[in-house]
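Written out below as structure tokens is the structure these notes cover.
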Amino acid sequence: MGKSRYLLKRFIYIVFVFFIISILMFAIYKSMPGDPVEIMLGDSKTTMKPEAYQALYENTRKSLGLDNPLPVQYFAWMGNMLTGNFGYSTQYKQEVINIIGGPMANTVLLNLLTMFVVFVISIPLGIATAVRKNGVFDKTVQVVTIIGYSIPTFIVALLAIFLFSVKIPIFPISGVRTAGSTATGLAGMMDMLYHMALPVLVMSVSGIGGITRYVRAAMIDVLRMDYIKTARAKGLSEKVVIYIHAFRNALIPIVTVTTWWVVGLFGGSIVIETVFLWPGLGKMLIDGLLQRDFAVVLTMQMFYVILSLAGNVVMDIAYTLVDPRVRLDS
């Protein structure tokens, strides 16, 4: 009963915050300069008679609902969004829902692969450095990770492009597939992974550096506890002590930083997708901002808002999974 009450309270909280943020986002984008109708009509103003253009302008504005007061526009937009109608893209000249599928799949795939690489490397590395605290291996890893964690992602991207695409042309610099390629199946998948290699490498650098350091710090704190000494005194193997007793109890702070890293990863991929011309949600968001395509921009922004709010709930639930002492209703 306690968990149900907690989840209900969290759901109400998410809905409340979602609507507050949606109002703020809508107001911000409506106050930005630029007329979406003029952008949508393009060069029609120079090729049509003034009367005909004005009539077309008014009809287009009315069809998009831009002639209504702002509160009416907001409620119409929100009502449509909640029913899966994300509006009409003035840039792509079609419904947003028809163009969002491909970019979303590309972004999710890129981020999932990055998460896999980061977790596979950072968690064992963090445990190993904690066990070998203050040794040569630990100090070397600490230096490397703090450098990777400190350098801005776009700087890492430019360095990676220079090293692995210019000086040593190993990886392609942009795109999803090789130009002109019609490969499908396994060959098509390998071609896509080949193009993902450099963006994933760049996105993983900061994540590996940060999470490795958090795992190391959490493990060092736990390894100092008395129950770890007791477990060793009982004759348990070092692997059992480290991976069963110590790591399980070090998961609380690790879950916190990992959850927020995953949420931030999707937002951070905007820069990487733009640099590497990866056709995902991030690049779509930047293109929408440049073209004043408010339907696309607001849809992307609300996606990130929902992702962030859901991250809070996932983090709380994850606490109860890694530590039964934590109660949702407390």
Side-chain angles (χ1 to χ4, degrees), residues 18-19 21-22 25-26 28-30 32 34-44 56-68 70 72-113 174-185 188-189 191-192 195-196 199 265-267 269-274 276-310:
F18 174 82
F19 278 106
I21 295 178
S22 70
M25 297 299 298
F26 186 82
I28 289 172
Y29 285 112
K30 282 297 180 181
M32 292 177 64
D35 189 337
V37 178
E38 287 188 357
I39 295 173
M40 181 179 177
L41 296 179
D43 297 331
S44 299
L56 178 61
Y57 177 90
E58 294 297 336
N59 289 333
T60 304
R61 183 177 175 82
K62 185 176 181 180
S63 66
L64 295 175
L66 298 178
D67 58 334
N68 295 319
L70 284 180
V72 176
Q73 291 186 42
Y74 167 78
F75 284 111
W77 166 71
M78 180 52 62
N80 289 333
M81 178 166 285
L82 293 176
T83 57
N85 180 7
F86 302 126
Y88 185 84
S89 170
T90 57
Q91 178 185 0
Y92 297 96
K93 302 296 190 296
Q94 55 181 312
E95 297 293 330
V96 174
I97 195 169
N98 295 331
I99 60 176
I100 200 176
M104 180 171 287
N106 289 336
T107 291
V108 170
L109 183 61
L110 184 66
N111 283 275
L112 286 179
L113 186 56
S174 62
V176 178
R177 298 183 183 277
T178 302
S181 174
T182 57
T184 57
M189 182 184 300
D191 185 41
M192 188 174 187
H195 283 75
M196 291 175 64
L265 182 65
F266 278 83
S269 65
I270 294 174
V271 176
I272 300 302
E273 290 177 7
T274 303
F276 290 99
L277 300 180
W278 183 265
L281 295 180
K283 186 176 183 304
M284 194 176 193
L285 174 61
I286 296 297
D287 292 342
L289 284 169
L290 294 175
Q291 298 296 325
R292 301 292 192 273
D293 194 346
F294 297 134
V296 169
V297 171
L298 284 170
T299 301
M300 298 298 98
Q301 290 288 3
M302 296 315 297
F303 167 77
Y304 291 117
V305 168
I306 292 173
L307 184 66
S308 178
L309 293 173

Report all side-chain donor-acceptor pairs from residues 99-113 shorter than 3.5 Å, counting only partners two or more places apart or in another chain.
residue: Asn106; atom: ND2; partner: Gly102; partner atom: O; Å: 3.4
residue: Asn106; atom: ND2; partner: Pro279; partner atom: O; Å: 2.9
residue: Thr107; atom: OG1; partner: Pro103; partner atom: O; Å: 3.2
residue: Thr107; atom: OG1; partner: Glu273; partner atom: OE2; Å: 2.7
residue: Thr107; atom: OG1; partner: Leu281; partner atom: N; Å: 2.6
residue: Asn111; atom: ND2; partner: Thr107; partner atom: O; Å: 2.7

Can you name the closest pair of heavy atoms from Trp278 and Met196 and give their distance? CH2-CG, 3.0 Å
Keeping Ser308 on the side-chain end and Tyr304 on the backbone end, is there a donor-acceptor pair under 3.5 Å? no
Nearest-0.5 Å distance that lies between atom CE in Met25 and atom CZ in Phe18: 11.0 Å
Does a side-chain heavy-atom distance below 4.5 Å link Tyr92 with Asp293? yes
Measuring only between side-chain heavy atoms, which start at C-beta, is Leu285 closer than 4.5 Å to Val297? yes
Name all residues meeting the side-chain hydrogen bond (donor to acceptor under 3.5 Å, both in side chains) criterion together with Tyr57; count only those two or more places apart in sequence or in a different chain, and write none if there are none. Asp35
Rounding to 0.5 Å, atoms NE2 (His195) and CG (Leu277) come to a distance of 11.0 Å
Could you report the tightest heavy-atom contact between Ser89 and Val96, atom names first, then the distance? N-CG2, 4.0 Å
Where do Ile97 and Gly84 come nearest, in terms of heavy atoms and distance? CD1-O, 3.2 Å
What pairs with Tyr74 under side-chain contact (heavy atoms from CB on, under 4.5 Å), at least two apart in sequence or on another chain? Phe19, Ser22, Ile23, Phe26, Trp77, Met78
Looking at residues at least two apart in the chain, or sitting in another chain, which of them share a side-chain contact (heavy atoms from CB on, under 4.5 Å) with Asn68? Val72, Gln73
Mind checking what makes salt bridge (Lys or Arg N to Asp or Glu O under 4.0 Å) contact with Asp287, not counting sequence neighbours? Lys283
How many angstroms lie between OG1 in Thr299 and CD in Gln301, if you round to the nearest 0.5 Å? 10.0 Å
Results of side-chain contact (heavy atoms from CB on, under 4.5 Å) for Leu56 - residues two or more places apart only: Leu41, Met48, Thr60
